[in-house]
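Shown next, in structure tokens, is the structure this report addresses.
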Number of protein chains: 2
Amino acid sequence: MNSAGEGRVRLPRSERRAQLLQAAQEVFVSRGYHATSMDDIADRAGVSKPVLYQHFTSKLDLYLALLDGRATELVARIREAMDRSEDNKERVNQAMRAYFDFVDAQGEAFRLVFESDQRNDPAVAERVLRMEAECVAALSDTIMADTQVDKDRAEMLATGLVGAAEVAARKWIASGRVVPKDEAIQLMATLAWRGISHFPLEGGAESGNE
Amino acid sequence: MNSAGEGRVRLPRSERRAQLLQAAQEVFVSRGYHATSMDDIADRAGVSKPVLYQHFTSKLDLYLALLDGRATELVARIREAMDRSEDNKERVNQAMRAYFDFVDAQGEAFRLVFESDQRNDPAVAERVLRMEAECVAALSDTIMADTQVDKDRAEMLATGLVGAAEVAARKWIASGRVVPKDEAIQLMATLAWRGISHFPLEGGAESGNE
DNA sequence: GGGCCCGTGGAGGTCAAGATCGGTGTCCAG
DNA sequence: CTGGACACCGATCTTGACCTCCACGGGCCC
């Protein structure tokens with residue numbers, strides 16, 4: 001009776017799995033990897049721990065499934081944004097919007113990717129680095145096409161811009177979205193575009209001052 | 001005999017403490033917070049666990065001591081760098097150099113600040129956020145002095161540049177310092193300066209496109 | 001030169017959390 | 001109607017790590 005209470009329904013495997021992923025994401029996002037226990041996730045999902053282990057072999061396995069989902073989502077958004085135009089300035093605009101959209105997406109899931117407290121695990125680190133590398137690659141291609149710098153320099157600049165987008169978007173969330181989203185995007189896109197356009201530095205590292 | 005082996009020396013308290021901090025930093029940096037045990041640190045320092053607890057009340061206490069040290073060091077470097085000149089462009093240059101110097105400092109200690117896997121702890125988060133806020137404040141003051149944007153916008157731009165510096169410097173280390181340090185700094189400083197100078201966006205969020 | 005005292009070390013307590021077993025109820029086929 | 005199988009759950013096991021207790025040895029004072 002009690003055991004057959006309200007929530008006690010038999011779900012198809014795939015649906016149950018999706019529900020578990022959703023619950024796990026919520027808890028991981030709010031408390032981080034280390035601070036969340038499997039009990040927390042099970043409680044959140046309204047199931048018992050064994051069912052968790054029937055769908056995921058370990059806590060790390062569950063976490064990696066989530067991480068993969070978010071990471072591929074971000075990369076897809078970036079790629080799509082940059083494919084949307086042929087004008088490089090507009091590309092930067094769209095890419096910046098993609099970052100803000102991603103960070104602004106439901107549930108602050110971006111924390112899984114940008115603020116993981118499990119980067120020391122090789123599998124997690126591999127995914128995070130791969131994702132960052134893909135973002136950098138997309139942008140550095142554009143930089144190389146638009147300027148005269150070589151691959152190493154372009155990647156460094158691209159990394160800087162990726163970092164700028166990431167950190168600025170996170171702060172935008174943390175500060176309660178004080179600046180309107182469109183304006184924030186415009187601001188950061190302008191910063192990025194002015195930063196990278198008109199490279200190379202007029203003949204090497206020395207930038208002409210005025 | 002064995003117990004009075006080579007390393008068995010009585011150190012003054014402050015010296016012992018410094019040694020423990022050094023050992024702890026090495027282990028924390030290489031393995032992260034959660035993956036390092038107090039035994040590891042004690043072994044690394046060549047002492048036993050009780051002495052560790054005579055100097056630090058808990059693992060977190062020890063970690064916070066290290067974190068405070070590195071964070072104040074970074075902030076001091078930034079402040080000093082920006083006080084070194086009155087020309088805002090040169091300030092950005094020096095600040096960027098300060099970031100690279102910090103990240104380039106011995107032992108990759110920057111991981112404690114930038115890649116902590118303990119940000120979910122309130123005390124740790126408080127320190128990291130305060131440090132980031134101080135860096136942002138220093139830069140946003142300069143931005144506001146040099147451009148026409150208000151505080152919120154200036155802080156967003158400053159956050160972006162802080163993120164750019166941080167992520168680019170970290171990647172510079174991770175990629176094996178392929179680009180010479182001075183050139184990397186010059187590259188990123190130019191990106192930053194071109195990004196923020198000549199704001200405001202010609203009258204609001206809409207940048208005149210063509 | 002001997003006793004006291006403080007710093008040191010190994011061994012252990014406790015507890016949280018990841019990972020797993022016997023029992024149970026429900027659904028379906030014949 | 002009935003028997004079986006599947007999915008689920010409470011309770012448990014174990015491991016590992018943070019944090020203290022009992023023996024030991026060298027320095028200080030009389």
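Letters A, B, ... mirror the listed sequences (proteins, then strands); counts begin at 1. Model, not experiment: these values are computed from the prediction.
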Side-chain heavy-atom pair Asp43(B), Val27(B) within 4.5 angstrom cut-off: no

Student check: side-chain heavy atoms of Tyr99(B) and Met188(B) closer than 4.5 Å: no

Pair listing, ring-ring contact (aromatic ring centres under 6.0 Å, His included) test, anchored in residues 34-56 of chain A, at least two apart: His34(A)-His34(B)

Qualifying ring-ring contact (aromatic ring centres under 6.0 Å, His included) pairs, either residue in residues 61-86 of chain A, two or more places apart: Phe28(A)-Tyr63(A), Tyr33(A)-Tyr63(A)

Salt bridge (charged side-chain N to carboxylate O under 4.0 Å, His left out) assessment of Glu115(B) paired with Arg119(A): CA-CA 8 Å; Glu115(B) 299 181 0; Arg119(A) 256 173 314 191; 5.1 Å; no

Measure from [atom1] on [X] to [atom2] on [N] and round the result to the nearest Å.
X: Gln54(A); N: dC6(D); atom1: CD; atom2: C1'; value: 10 Å
X: Asp61(B); N: dC18(D); atom1: CG; atom2: P; value: 14 Å
X: His55(B); N: dC6(C); atom1: NE2; atom2: P; value: 16 Å
X: Leu52(A); N: dG10(D); atom1: CG; atom2: C1'; value: 16 Å
X: Asp43(B); N: dG10(C); atom1: CG; atom2: P; value: 9 Å

Carboxylate-amine/guanidinium proximity below 4.0 Å for Glu80(B) and Arg77(B): no

Nucleic acid footprint by protein, nucleotides 15-20 of chain C - heavy-atom cut-off 4.0 Å, B for base, S for sugar-phosphate alone: --SBBB

Phosphate OP1/OP2 of dC6(D) contacted by Arg16(A) side-chain N/O (<4.0 Å): no

